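The basis for the numbers below is simple: all heavy atoms, side chains too, and nothing from hydrogens, waters or symmetry mates. Chain A is the first sequence line, chain B the second, and so forth, proteins listed ahead of strands; every chain is numbered from 1. The model shown is predicted, which means the values in this text are computed figures rather than measured ones.
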Amino acid sequence: MPEWVYIKDIAQYEGQEVELRGWLYNKRSSGKLHFLQVRDGTGTLQCVVFKGDVSAETFALGQDLTQESSVVVQGTVRADTRSPIGFELGVSALHLTQQAHAYPISPKEHGVAFLLDHRHLWLRSSRQQALLRVRSEVIKACRDYFDTRGFTLLDAPIFTPAACEGTTTLFPVDYFDDTVYLTQSGQLYMEAGAMAFGKVYCCGPTFRAEKSKTRRHLTEFWMIEPEVAYCDLDGDMDLAEDFLETVVQRVLTNRQAELQTLERDITKLAQVRKPFPRISYGEAIERLQSTGVDIQWGDDFGGDDETILSEQFDRPVIVHRYPIANKAFYMKTDPQHTTVALCMDVLAPEGYGEIIGGGQREDDLPVLQGKLEAHDLSEEAFSWYLDLRRYGSVPHAGFGMGIERMVTWLCGLHHVRESIPFPRMLERVTP
RNA sequence: UCCUCGGUAGCUCAAUCGGCAGAGCAAUCGGCUGUUAACCGAUGGGUUGUUGGUUCGAGUCCAACCCGAGGAGCCA
């Protein structure tokens, strides 16, 4: 019996008889020859069935194979300059595992809605595999970054008792006879963790019931959120900068083939080296005004504004000290300028927008109690959170990075929907 | 929630002024020893999103609704 091998390793088996187990990606026939493009999850290899080399049954099977039929193929690996990967398989035997029904996704063009309806099958296409492998690498790189720098992974809960923002953006869930909400962020729990472990992070799904219908929004998305005790805003920006550079460069190194499949211009990613430019919100407003944008101090940035700002730099830009008025209750006010918060966003280049948001947290008990009240939030619901300020409160800071926005940027995608295996959006929760 | 555009074969689309429902791909059958989204020939495939209206006649015009796409707003 020939050895079962994966296509990614095929170069090691030149001249040897091997077995592949996979699916028929495409087929071309020519009388006494069948060219079977077989994929096995690690790559695609052309398997050549020549009538003179195989039994009549095997040749007939090759003729009848439908797209995505599952097959076990045996044959000899041979070098061929006509192959995109330098090798092909001279088939000696074919075994059908299952004859696929008429496959809905043909090699021709399809619309977005159709492909999303068939997302469970669309995952088999080479492009989707490339970008989801980039996603896998991004998550691994993020976790390795923190794991090797003294951070403890602390998983945040998904059921949460209360809102840290308005309840309109929360998904309520019936919890026995009570209502709980799907988490919007693990941050508050990471603050508890930072007071216990010093440096912690979480990585998991978060949920926003926003009726956003843009290329940057999902209702279910993944965030990685570090939180560090005895860290201020500057330290937080240092961490975000070093983290982002490390993750981007690692993906660039380890996923070159995938980025090439996606036809990504990687010179733009190679430029992601620290230090990143840091500008205050006030400077950002001035920069926008000087390019003719009608925006006033206090306004939020629109998608176009973020694009204009990011295009002024060749690498990610950190915007810090936004007006405190529209910011979350836990943000610490800048003691130097009480109208702004000690917070920051990292905007990705090329118009990909905010990929990191974070900052220093309010660590003073009476001030935090005042902010809760100002935001019309009940102190009772946050009593555990206030405990963190009662028992050994320290300055601390952290941030959250959206995995999908990161992948979308790295892969040069137009829309976040392809950056997650099964996207959940307004009006779409299947498959 | 608002604005714009769209919904015709399994898929991507066409159908002139309101006058016979079309093509490519896919499928099925046949041909070809080197194909690279192979090619060549043939065949089958339709409640034109739903409901109602105008008309001799509606894919086409009108109304409501459903669904989708793009954008805006919203967005720790």
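- Using a 4.0 Å heavy-atom criterion, one finds that Arg361(A) contacts no nucleic acid atom at all.
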Verdict with supporting geometry, Phe171(A) and Tyr181(A), ring-ring contact (aromatic ring centres under 6.0 Å, His included): CA-CA 5 Å; Phe171(A) 287 106; Tyr181(A) 302 93; over 10 Å; no
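- Glu88(A) contributes a side-chain N or O that forms a donor-acceptor pair with the base of G34(B) under 3.5 Å.
- For Ser106(A) against C11(B), a side-chain-to-base donor-acceptor contact under 3.5 Å is absent.
- Shown here, G34(B) forms no base pair; nothing in the strands shown gives a Watson-Crick or G-U wobble contact with both key distances under 3.5 Å.
- Distance, His118(A) NE2 to C11(B) P: 8 Å, rounded to whole Å.
- Remark: side-chain polar atoms of Lys371(A) are paired, donor with acceptor, to backbone N or O of Met331(A) under 3.5 angstrom.
- To the nearest whole angstrom, the two P atoms, one in A26(B) and one in G10(B), are 16 Å apart.
- The separation between Gln37(A) atom CD and U35(B) atom P is 13 Å, rounded to whole Å.
- As rounded to whole Å, 13 Å separates atom P of C67(B) from atom CG of Asp117(A).
- Of all nucleotides listed (G34(B), G68(B), C32(B)), C32(B) comes nearest to the side chain of Ser29(A).
- Separating the C1' atom of U51(B) from that of C11(B) is a span of 28 Å, rounded to the nearest Å.
- A cation-pi arrangement, defined by a distance under 6.0 Å to the six-membered ring centre and an angle within 45 degrees of its axis, is absent between Arg389(A) and Tyr391(A).
- A cation-pi arrangement is present between Arg149(A) and Tyr145(A) under the rule of less than 6.0 angstrom and at most 45 degrees off the ring axis.
- Taking atom P on both A58(B) and C20(B), the two are 12 Å apart, rounded to the nearest angstrom.
- Nucleotide C11(B) forms a pair with G24(B), judged by Watson-Crick or G-U wobble geometry with both contacts under 3.5 Å.
- Along RNA chain B, the nucleotide nearest to Leu426(A) and the one nearest to Gly52(A) differ in position, and the one closer to the 5' end is contacted by Leu426(A).
- OP1 or OP2 of U1(B) sits under 4.0 Å from a side-chain N or O of Lys211(A).
- The side chain of Thr214(A) sits closest to G73(B) out of U35(B), U33(B), G73(B).
- On the P atoms, C62(B) is 12 Å away from G6(B), given to the nearest whole Å.
- For the P atoms, the distance linking U28(B) with C67(B) amounts to 35 Å, nearest Å.
- Residue Asn26(A) is classed as a sugar-phosphate contact, given heavy-atom separations below 4.0 Å to backbone atoms only.
- Listed nucleotides: U33(B), C74(B), U35(B). Nearest to the side chain of Lys32(A): U33(B).
- At the heavy-atom level, Glu354(A) lies nowhere under 4.0 Å from the strands shown.
- Across all strands, Thr206(A) comes closer than 4.0 Å to no nucleic acid atom at all (heavy-atom distances).
- Counting any heavy atom pair closer than 4.0 Å across all strands shown, Arg127(A) reaches no nucleic acid atom.
- In this structure, Arg216(A) reaches neither bases nor backbone, as no heavy-atom distance under 4.0 Å exists between it and the strands shown.
- The base of C11(B) is not paired with the side chain of His110(A) by any donor and acceptor separated by under 3.5 Å.
- Note on Ser83(A): nothing from the nucleic acid sits closer than 4.0 angstrom, heavy atoms only.
- Here the two rings, on Phe87(A) and Tyr13(A), have centers that are 6.0 Å apart or farther.
- In this structure, Arg417(A) atom CZ and G70(B) atom C1' are separated by 10 Å, rounded to whole Å.
- Straight-line distance between the C1' atoms of A21(B) and G59(B): roughly 9 Å, to the nearest whole Å.
- Proximity of the aromatic rings of His34(A) and Phe59(A) is defined here by a centroid distance below 6.0 angstrom, and this criterion is met.
- Residue His34(A) is out of contact with every strand shown, counting any heavy-atom pair closer than 4.0 Å.
- Nearest to the side chain of Arg428(A), among C74(B), A69(B), A37(B), sits A69(B).
- Nucleotides C13(B) and G53(B) place their P atoms 32 Å apart, quoted to the nearest Å.
- Backbone-only contact: Phe114(A) has heavy atoms under 4.0 Å from sugar-phosphate atoms and none from a base.
- For the pair Lys327(A) and Tyr322(A), the cation sits on the ring face: its NZ or CZ lies under 6.0 Å from the ring centre, inside 45° of the axis.
- In this structure, A72(B) forms a base pair with U1(B), meeting either the Watson-Crick or the G-U wobble geometry with both donor-acceptor distances under 3.5 Å.
- When atom types are taken as modelled, the side chain of Asp305(A) and the backbone of Gly302(A) share a donor-acceptor pair closer than 3.5 angstrom.
- The separation of A42(B) from U47(B), taken at their P atoms, amounts to 26 Å, rounded to a whole angstrom.
- Counting to the nearest Å, the P atom of U35(B) and the CZ atom of Phe50(A) are 15 Å from each other.
- Computed from coordinates, the Leu33(A) CG to U33(B) C1' distance equals 4 Å when rounded to whole Å.
- Look at CG on Leu121(A): it is 14 Å from P on C11(B), rounded to the nearest Å.
- For Pro84(A) and Gly303(A), each mapped to the nucleotide of RNA chain B holding its nearest heavy atom, the one lying further toward the 5' end belongs to Pro84(A).
- The side chain of His414(A) approaches G70(B) more closely than any other nucleotide in the set G70(B), C74(B), G34(B).
- For the pair Glu418(A) CD and A69(B) P, the computed distance is 13 Å after rounding to whole Å.
- If you check distances only, the side chain of Lys213(A) does reach the base of G70(B) with a donor-acceptor pair under 3.5 Å.
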